[in-house]
There are 2 protein chains.
Amino acid sequence: MRSQGTSGLKDEIENEIIAGRFQPGERLDEVSLAERYGVSRTPIREALHALAASGLLEVRPHRGAIVADVSPDRLFEMFEVMAEMEALCAWRAARRMTEAEHRELDAAHAACGVAAQQGDSDQYYYENERFHFCIYEGSHNGFLAEQSKALHRRLQPYRRLQLRVRNRMTTSYREHGEIAAAIKSGNGEEAADRLRRHVLVQGERFADLVSSLRALKQPNPAEMV
Amino acid sequence: MRSQGTSGLKDEIENEIIAGRFQPGERLDEVSLAERYGVSRTPIREALHALAASGLLEVRPHRGAIVADVSPDRLFEMFEVMAEMEALCAWRAARRMTEAEHRELDAAHAACGVAAQQGDSDQYYYENERFHFCIYEGSHNGFLAEQSKALHRRLQPYRRLQLRVRNRMTTSYREHGEIAAAIKSGNGEEAADRLRRHVLVQGERFADLVSSLRALKQPNPAEMV
DNA sequence: GCAAGATTTTTTGTATACAAGTGCTCCCTA
DNA sequence: TAGGGAGCACTTGTATACAAAAAATCTTGC
């Protein structure tokens with residue numbers, strides 16, 4: 001069954017965690033995972049350490065890996081940082097983007113529009129990433145773009161949860177339009193401010209959502225998606 | 001000889017890289033490293049992957065790990081991001097720091113002063129970190145503080161190089177004083193701006209330094225320290 | 001003499017065996 | 001009965017053996 005390399009295994013476990021199949025705080029046994037995926041402990045260990053490096057797990061020496069417990073407070077902190085990073089990207093992008101990049105941004109925005117109109121949240125989820133990545137790349141700071149992408153990916157599962165909320169897609173699409181306009185007009189301050197708010201509102205709403213989910217003693221967020 | 005756990009091994013290799021014992025682009029052979037440290041390949045592999053996760057190495061499947069080649073451009077990008085992250089920390093810290101944290105900041109600043117006066121760059125290097133970490137923590141955003149610390153650590157070797165430059169310690173100390181004052185007075189904008197510049201100037205100067213070093217075909221930066 | 005392909009060699013990736021540390025249970029004692 | 005400690009089971013950390021893939025070398029045909 002296992003056809004991919006070691007990185008594929010990491011992705012699989014990552015997906016399991018993101019999907020909520022492993023609950024926060026749960027201990028991940030190496031041998032169980034090894035049996036489950038039909039491999040030995042060695043590649044499992046590598047995947048686990050890689051996931052720990054990206055923050056999804058916490059490994060304590062001789063005590064195994066546990067799924068990182070991302071509290072609502074912590075999550076809000078992460079969205080706060082994401083908002084600032086995106087704002088920085090937008091600010092730079094407004095000054096540095098080329099004409100070709102403007103067109104690519106417009107294309108991504110248009111694709112978001114189609115997805116939103118069709119109410120296809122999975123598609124929107126994908127096109128939304130494309131739109132944001134355009135801005136990251138548009139900053140013309142490779143390191144900033146990479147960091148932004150990494151954090152974006154890290155927050156993706158939570159963001160996905162958000163898109164199901166009533167009217168969120170339409171609102172998001174409208175905000176994208178204003179952001180793209182600000183960037184293309186070279187207004188860095190406005191682009192940064194709009195993008196910052198665009199991300200922050202997700203963070204706030206999502207932190208609330210997680211809080212309420214926990215209050216309802218609903219430990220498995222995957223089933224809410 | 002090996003008394004520490006696996007994380008100690010990672011630190012040792014990290015130090016070797018930082019010290020410039022392995023040149024950028026150089027391939028790190030697992031068996032050679034294993035022999036060198038008197039362990040088997042297994043812990044070496046773990047350390048290598050961990051270092052790759054933190055960006056010091058680059059691992060390609062079946063092709064081993066090579067020391068990441070951090071170009072001057074790339075380095076400047078990193079300092080640019082660092083500057084913005086620190087500015088964000090300072091902005092938050094100016095609003096959120098407690099009285100106790102103000103005192104800790106002052107203490108760190110005073111320690112920097114002592115080191116600067118004594119011309120002890122190693123000591124200054126240490127106390128400087130303490131000063132900056134105070135601000136990170138003062139942001140009262142745990143995630144932001146962690147990310148900032150990680151990037152700070154990543155840039156540390158280059159920063160260290162910088163401190164030897166004439167008058168850099170004294171200038172740095174003076175800038176610290178202005179930053180601390182802005183934070184304590186609650187002036188977030190000024191604190192952010194001053195800290196941003198404080199970091200950026202290091203980045204600029206350092207990028208120049210690296211460029212000149214490379215132009216002189218001096219591939220081993222450790223010998224310049 | 002050169003280039004393309006096959007073979008050999010080297011190095012990484014994986015599996016398994018063993019060592020060592022942690023946490024748990026159970027017993028002993030106060 | 002409660003607390004503490006010794007022993008035990010279980011899990012992680014490390015070493016070694018083997019498999020597979022990539023790089024290097026050699027051969028062969030033109």
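Note that the structure is a prediction, hence the values are computed from the model and not measured. Chain identifiers are assigned alphabetically (A, B, ...) following the order of the sequence lines, protein sequences preceding nucleic acid strands; residue numbering begins at 1 within each chain. Just so it is clear, the values below take in all heavy atoms, side chains as well, and ignore hydrogens, waters and symmetry mates.
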- [ ] For A:Arg41 and D:dT16, give me the distance from atom CZ to atom P, rounded to whole Å.
- [x] 16 Å

Open item on the list: Would you compute the distance between atom CD of A:Glu101 and atom SG of A:Cys134 and round it to the nearest 0.5 angstrom?
Closed with: 8.0 Å

Open item on the list: Would you say A:Arg63 places a side-chain N or O within less than 4.0 Å of OP1 or OP2 belonging to C:dG21?
Closed with: no

Task: Under-4.0 Å salt bridge between A:Glu146 and A:Lys149 - done: no

- [ ] Examine distances only and state if a side-chain atom of B:Glu16 and a backbone atom of B:Arg21 form a donor-acceptor pair shorter than 3.5 Å.
- [x] no

Open item on the list: Less than 4.5 Å apart, side chain to side chain, heavy atoms only: is that true for B:Ile135 and B:Leu195?
Closed with: yes

- [ ] Nearest whole angstrom, please: distance from the P of D:dT11 to the CD of A:Glu35.
- [x] 11 Å

Open item on the list: Rounded to whole Å, please give me the gap between NE2 in B:His62 and P in C:dT10.
Closed with: 18 Å

Open item on the list: Using ring centroids (six-membered ring only for Trp), state whether A:His132 and A:His152 fall under 6.0 Å.
Closed with: yes

TODO: Please state how far atom CG in A:Asp29 lies from atom C1' in C:dT22, giving the value in whole angstrom units.
DONE: 14 Å

Open item on the list: Nearest whole Å is fine: how far is D:dA15 C1' from B:Ile44 CD1?
Closed with: 13 Å

Task: For atom CZ of B:Arg60 and atom P of D:dA22, their distance in whole Å - done: 12 Å

- [ ] To the nearest Å, give me how far apart CG (B:Leu28) and P (C:dT12) are.
- [x] 9 Å

Open item on the list: Rounding to 10°, can you tell me the angle the first-five-pair axis of the helix from C:dG1-D:dC30 to C:dA30-D:dT1 makes with its last-five-pair axis?
Closed with: 0°

Task: Rounded interatomic separation in angstrom, taking CD from B:Glu30 and P from D:dA22 - done: 15 Å

Open item on the list: Please tell me if A:Thr42 has a side-chain N or O lying less than 4.0 Å from either OP1 or OP2 of C:dT14.
Closed with: no

Open item on the list: With rounding to the nearest 0.5 angstrom, report the CD1 to CG distance, B:Ile13 to B:Leu57.
Closed with: 8.0 Å

